[in-house]
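Nothing here was measured: the structure is a model prediction, and the numbers come from that model.
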Amino acid sequence: LMKVKVFAAIKDLLITIYYMMKQSGKFLRHFQETGSSLSVHVYRFRKVHGTRFLDHLRKGVSTLLHNWIPMIVALENSIANRSHSAMSAKLMGLLKKLRDARFIAAAVALHNILESVATLSLKFQQNDLLPFEVAPAVGMSKDRLADLAGNDEPVDELMEAAGIMITDSEVKMKLPKPNHMRRKPEHREFVDVAYDKLTHVGQREDVMRSVRSTIPSVIKCLDERFASFDTAVFTKMKVFDRSSWTDDTSDELSSLQFLVKHFDTTLLSRGFDNTKVKREWKDAKLAIKHYFPAALCVHDVWSRFLQTKKPQFPNLCMLIELVLVVGVSNGSVESCFSYLTAMLSDRRLSLNHDTMADLLLIRANHSVWSDAERQELVDSALTTFTAKRRKTAQGTKATASDVFGEPAAKRAKPTDDDDDDDDDDDDSSSSSSSSEFGSSDDEACLSPNVASEVVISSSDDDCELSSE
């Protein structure tokens, strides 16, 4: 899509507005005050770059269409009042684009195209598709794009469907009043807003026609990008879709044997027993029909199956894990970047790289681990921790107090034996002097906790403290 010049210009406009709002709080407040003066609700512009998924761009274009007139009014007022003189050139460039009727028509066309393919992109983003589900999902998006390319409706009707009406040099929109999301849809109030200084109004149809001619290239791109999912190995994976199961298991067992042969090297290295697959498959079908609701999607069914039935069906679970691990997009990688960003906050900048890697591994894979595997990880981590921090003799089992220390209530507290009300010890000078210069009672100068962590060697001349 971004190979189309006008679409690339729309994305660049969204990026420019996003950073302008982010870097200039003054203009952001001015834009919000403009919406309040018009008695309409305005949305904050979204970040549309930094990811290949189209749902972010779709939401960004939708926000731009909603904020179109309030943004024009805010730019005009800012330029007229010279309240943002440092970026006046940028504001004038943005105003010129937003006044262009061809730009509005291109934004509406881009929004319609994104609506057709954003559902598919969102499934890839959420990693909700298994390999055998990709081809049908792509086919649905291609059908929507084909209908859009064959749509011969006038440009005015398409723009009116998006909530925008253009007559002569005037654009009209019906925008909701502030706080409309707090009300029920039937109780929301709207305001008619208009702007009458558009340019190039008569060229909207030409832009829409040129945009429609790009849709076949988008369909061709989808065919080329996902052609590999029509191969036999992905088609045979459909055997794990419970909606395709029948009483006759011959075709299902044939598909399983095809997958076993395809992944034989990996399976044999893990001790796979092919002779037990047939029996395990029949028993697994009965278990799934009995224990798992029919409303569950395919991914959720097998994820729960792996967590609860893995000891009972070890060989079948090996094959299922290979199917589930095949990623159809980089959505899981993008999610890991988000996890790491949230994990590495300002208060955790000193985390060791190995620790971050372990935390990220747990966060990204916890949903597919069973309770036994989670407990095994916890036990292994505790054993490693106690091995490093253990204060008892080698081979002695460490207790919780050895790992985490004594509870605060059980720790000995120093007492104040003097008669006055202050917290100091009247004999501190004499005791400290005797401790420094050869007191035989060296441990009396130390609290119980400190005494347990250091080795004290006293002599006639000095008192030497060394770490254990």
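Other residues, nucleotides and ligands contribute over 12 non-hydrogen atoms within 6.0 Å of the CE atom of Met343. Few gaps surround CE on Met356; more than 12 heavy atoms of other groups in view lie less than 6.0 Å from it. Atom NZ of Lys309 has more than 12 neighbouring heavy atoms from other residues, nucleotides or ligands inside a 6.0 Å radius. More than 12 heavy atoms of other residues, nucleotides or ligands lie within 6.0 Å of CZ in Phe190, so this atom counts as buried by the packing criterion. Residue Arg188 places its CZ atom among more than 12 non-hydrogen atoms of other residues, nucleotides or ligands, all under 6.0 Å distant. Remark: Gln257 CD is packed, more than 12 non-hydrogen atoms of other residues, nucleotides or ligands lying under 6.0 Å away.
Remark: side-chain polar atoms of Lys26 are paired, donor with acceptor, to backbone N or O of Ser83 under 3.5 angstrom. Side-chain atoms of Asn315 come within 3.5 Å of backbone N or O of Asp273 as a donor-acceptor pair. A side-chain donor-acceptor contact under 3.5 Å links Lys285 to the backbone of Thr246. A donor-acceptor distance shorter than 3.5 angstrom exists from the side chain of Trp68 to the backbone of Leu98, with no hydrogens or angles considered. No donor-acceptor pair under 3.5 Å is formed between the side chain of Ser78 and the backbone N or O of Leu91. With Thr386 contributing its side chain and Leu382 its backbone, the two residues share a donor-acceptor pair below 3.5 Å. The backbone N or O of Lys11 lies less than 3.5 Å from no partner atom in the side chain of His49, so there is not a single donor-acceptor pair. Using modelled atom types, one side-chain atom of Ser217 and one backbone atom of Thr214 make a donor-acceptor pair closer than 3.5 Å. Without hydrogens or angle criteria, Asn67 side chain to Tyr43 main chain gives a donor-acceptor distance under 3.5 Å. No donor-acceptor pair closer than 3.5 Å links the side chain of Asp168 to the backbone N or O of Glu170.
Within the 4.5 Å cutoff, no side-chain heavy atoms of Cys317 are placed close to those of Gln312. Contact check for Val211 versus Ile113: side-chain heavy atoms found under the 4.5 Å cut-off. Proximity of Leu57 to Ser121: side-chain heavy atoms (C-beta onward) are nowhere separated by under 4.5 Å. Residues Lys172 and Asp192 fail the side-chain proximity criterion, which asks for heavy atoms closer than 4.5 Å. Considering only heavy atoms from C-beta on, Val73 stays 4.5 Å or farther from Val193 through its side chain. Side-chain contact check for Ile17 versus Met21: some heavy-atom pair is nearer than 4.5 Å. Between Met237 and Phe229, every side-chain heavy-atom pair lies at or beyond the 4.5 Å cut-off. Under the 4.5 Å side-chain criterion, counting only non-hydrogen atoms from C-beta, Leu120 is not in contact with Leu54.
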### Message
side chain to side chain contact (heavy atoms under 4.5 Å, CB included), that's the test. Do Phe240 and Phe305 meet it? Break it down for me.
### Response
CA-CA 12 Å; Phe240 296 107; Phe305 185 86; over 6 Å; no
### Evaluation steps, side chain to side chain contact (heavy atoms under 4.5 Å, CB included), between Leu28 and Arg44
CA-CA 9 Å; Leu28 175 60; Arg44 185 183 289 263; 3.5 Å; yes
### Task
Could you give me the CA-CA distance, side-chain angles and deciding distance for Gln125 and Asp55, then say whether side chain to side chain contact (heavy atoms under 4.5 Å, CB included) is met?
CA-CA 9 Å; Gln125 180 181 345; Asp55 191 58; 4.0 Å; yes
### Task
Mind running side chain to side chain contact (heavy atoms under 4.5 Å, CB included) on Glu76 and Ile72 for me, showing each step along the way?
CA-CA 6 Å; Glu76 285 187 341; Ile72 290 179; 4.3 Å; yes
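Atom NE2 of His290 and atom CD1 of Ile288 lie 13.0 Å apart (nearest 0.5 Å). Summarising the geometry, atom CZ belonging to Arg374 is positioned 5.5 Å from atom CD belonging to Gln307; distances are rounded to the nearest 0.5 Å. Note that CZ of Arg99 is 3.5 Å distant from OH of Tyr195, once rounded to the nearest 0.5 Å. Remark: Glu373 CD to Leu377 CG distance equals 7.5 Å, nearest 0.5 Å. A distance of 6.5 Å separates CZ in Phe132 from NZ in Lys238, rounded to the nearest 0.5 Å. The line from CG of Leu14 to NE2 of His56 is 13.5 Å long, rounded to the nearest 0.5 Å.
Sorted by first and then second residue, the salt bridge (Lys or Arg N to Asp or Glu O under 4.0 Å) pairs with a member in residues 260-270 read Arg270-Glu321; sequence neighbours excluded.
Contact record, Val108 with Ile164: CG2-CD1, 4.1 Å, taken as the closest heavy-atom pair. Phe258 and Ala232 get closest at one heavy-atom pair: CZ-CB, 3.9 Å. When all heavy atoms of Lys90 and Met20 are compared, the closest pair comes out as CD-SD, 4.1 Å. In this structure, Ala137 and Leu129 approach most closely via the heavy-atom pair CB-CD1, 4.3 Å. Heavy atoms only, all atoms of each residue included: Phe103 and Leu13 are closest at CE2-CD2, 3.3 Å. Nearest heavy atoms, Leu130 versus Leu324: CD2-CD2, 3.6 Å.
By the 30° and 60° cut-offs, the orientation of the rings of His30 relative to His84 is tilted.
A salt bridge is absent between Asp206 and Arg102: the closest approach of a Lys/Arg side-chain nitrogen to an acidic carboxylate oxygen does not fall below 4.0 angstrom.
Ring centroid separation for the pair Phe226 and Phe124 comes in under the 6.0 Å cut-off. In summary, the aromatic rings of Phe263 and Phe272 are positioned with their centroids too far apart to meet the 6.0 Å limit.
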